[in-house]
Protein chains: 2
Amino acid sequence: MPISAGEPDALSARLGYLLKHAQLRLAGLSAEALAPFGINGRELAVLAVLAAREPLSQLEAAGRLGLDRTTMVALIDSLEAKKLVERLRSPHDRRKNIVPLTAYGQDCLRRAEQARLETEQRFLAPLSRQDADHLVRALQALVAAPQDGED
Amino acid sequence: MPISAGEPDALSARLGYLLKHAQLRLAGLSAEALAPFGINGRELAVLAVLAAREPLSQLEAAGRLGLDRTTMVALIDSLEAKKLVERLRSPHDRRKNIVPLTAYGQDCLRRAEQARLETEQRFLAPLSRQDADHLVRALQALVAAPQDGED
DNA sequence: TATTGTTATACTCTATAACTATA
DNA sequence: TATAGTTATAGAGTATAACAATA
């Protein structure tokens with residue numbers, strides 16, 4: 001039997017297609033849910049990372065998100081323009097910016113995180129609670145697995 | 001107890017982060033695996049769609065992949081330059097290009113699909129066979145579920 | 001009038017290189 | 001010398017608008 005390329009389900013059997021379109025759909029739902037807060041999903045993730053116990057520098061935040069430091073500059077620019085975060089020179093190393101959330105930023109983070117959680121639950125609604133848990137754990141295992149050639 | 005934003009696992013609990021990074025990792029593996037064939041994952045998906053029983057027009061192929069018709073133009077340009085497909089005017093509707101695979105394109109598709117399957121299995125290796133099957137079915141259910149506001 | 005393919009254009013996300021100020 | 005932040009630039013991927021050929 002030949003490979004099913006070209007069959008109607010040729011795409012739905014492709015893991016790459018499934019991951020991409022699942023992500024696109026969740027991103028669409030998130031965009032709606034976060035619009036009232038004036039931020040997008042990436043900005044929310046940055047806020048969440050910056051809300052760590054000890055304030056982070058831009059480079060540290062970029063590292064945690066797997067982003068480039070040049071990408072982080074624009075993200076912080078945007079968050080700062082919205083008064084959600086503040087750039088402060090580190091007194092210990094004046095090359096670094098530490099970037100704490102403003103009080104408004106903390107409030108925005110709390111409410112937007114709630115909206116994100118509700119959106120994820122809506123996205124996962126087609127699955128049983130158990131299947132949804134399985135999905136999240138499987139994805140965590142795949143993302144946490146060592147890269148090819150990685151120690 | 002406050003939301004765990006800022007905790008070390010704040011990101012690995014985000015479905016958006018997990019889907020995005022799972023896709024990035026698979027895309028990286030696929031890029032390596034497909035490099036010997038001179039195509040990327042998107043081009044392979046286009047080849048697979050175009051290999052349907054009845055030859056497809058560019059617009060039909062774009063529709064099946066969820067792409068814009070303007071995006072499809074550049075993809076077909078690239079595949080045609082590599083002699084993997086041919087643009088033919090449809091005799092029934094001369095506005096349409098039907099885009100069959102060349103013999104070389106069919107051979108490339110067959111071998112590249114094999115490489116893609118092996119790559120997906122390598123990507124899923126951290127999971128048990130059963131968990132991997134669960135993951136694929138869950139993603140299919142999420143992607144097939146009706147969109148918000150969709151009939 | 002509507003549709004298909006095409007081109008031009010723009011916007012987002014990302015990465016690379018080079019500059020500055022600090023260490 | 002090396003590092004953190006910044007800027008400029010370029011490359012994917014995607015989308016919109018407008019045009020030519022055809023229906």
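Below, chain A is the first sequence line, B the second, and so on; all start at residue 1.
Across all their heavy atoms, B/Glu60 and B/Lys96 have their closest contact at OE2-NZ, 4.2 Å. Across every non-hydrogen atom of B/Tyr17 and A/Leu65, the tightest pair is CE1-O, 4.3 Å.
Look at B/Glu43 and B/Lys82 and you find a salt bridge, because one of the NZ, NE, NH1 or NH2 atoms lies within 4.0 Å of a carboxylate O, short of that distance.
Atoms NZ and CG, on A/Lys20 and B/Leu24 in that order, are 12.0 Å from each other to the nearest 0.5 Å.
Here the C1' atom of nucleotide C/dC13 and the CD atom of A/Gln23 are 12 Å apart, to the nearest Å. The NE2-P distance, from A/His92 to D/dA4, rounds to 16 Å in whole Å. We find that CD of A/Glu60 is positioned 14 Å from P of D/dT3, with the value rounded to whole Å. Between the CE atom of A/Met72 and the C1' atom of C/dA15 there is a distance of 14 Å, given to the nearest Å. Rounded to an integer number of Å, the gap from CG of B/Leu59 to P of C/dA2 is 16 Å. One can place CG of A/Leu75 at 12 Å from P of D/dT6, the figure rounded to the nearest angstrom. As a whole-Å value, the separation of A/Gln58 CD from C/dA21 P is 16 Å. With rounding to whole Å, B/Asn40 atom CG is found 11 Å from D/dG13 atom C1'.
Distances shown here put every side-chain N or O of B/Arg69 at or beyond 4.0 Å from the OP1 or OP2 atom of C/dT4. Residue B/Asn97 has a polar side-chain atom (N or O) positioned under 4.0 Å from OP1 or OP2 of C/dT6.
Side-chain N/O atoms of A/Arg95 and base N/O atoms of D/dT3 include a donor-acceptor pair closer than 3.5 Å. Below the 3.5 angstrom threshold, one finds a donor paired with an acceptor across the side chain of A/Thr70 and the base of C/dT16.
Nucleic acid contact class of B/Asp68 (heavy atoms, under 4.0 Å, all strands): base.
Mapped onto DNA chain C by nearest heavy atom, B/Lys96 and A/Arg89 fall at different nucleotides, with B/Lys96 at the one closer to the 5' end. Of the residues near DNA chain D, A/Ser57 and B/Ser90, the one whose nearest nucleotide (by heavy atom distance) lies more toward the 5' end is A/Ser57. Between A/Gly66 and A/Pro91, the residue whose closest nucleotide on DNA chain C is further toward the 5' end is A/Gly66.
The closest side-chain heavy-atom distance from B/Gln140 to B/Arg137 is below 4.5 Å.
The B/Arg94 side chain lies nearest to D/dT22 when the options are D/dT22, C/dT14, D/dG13.
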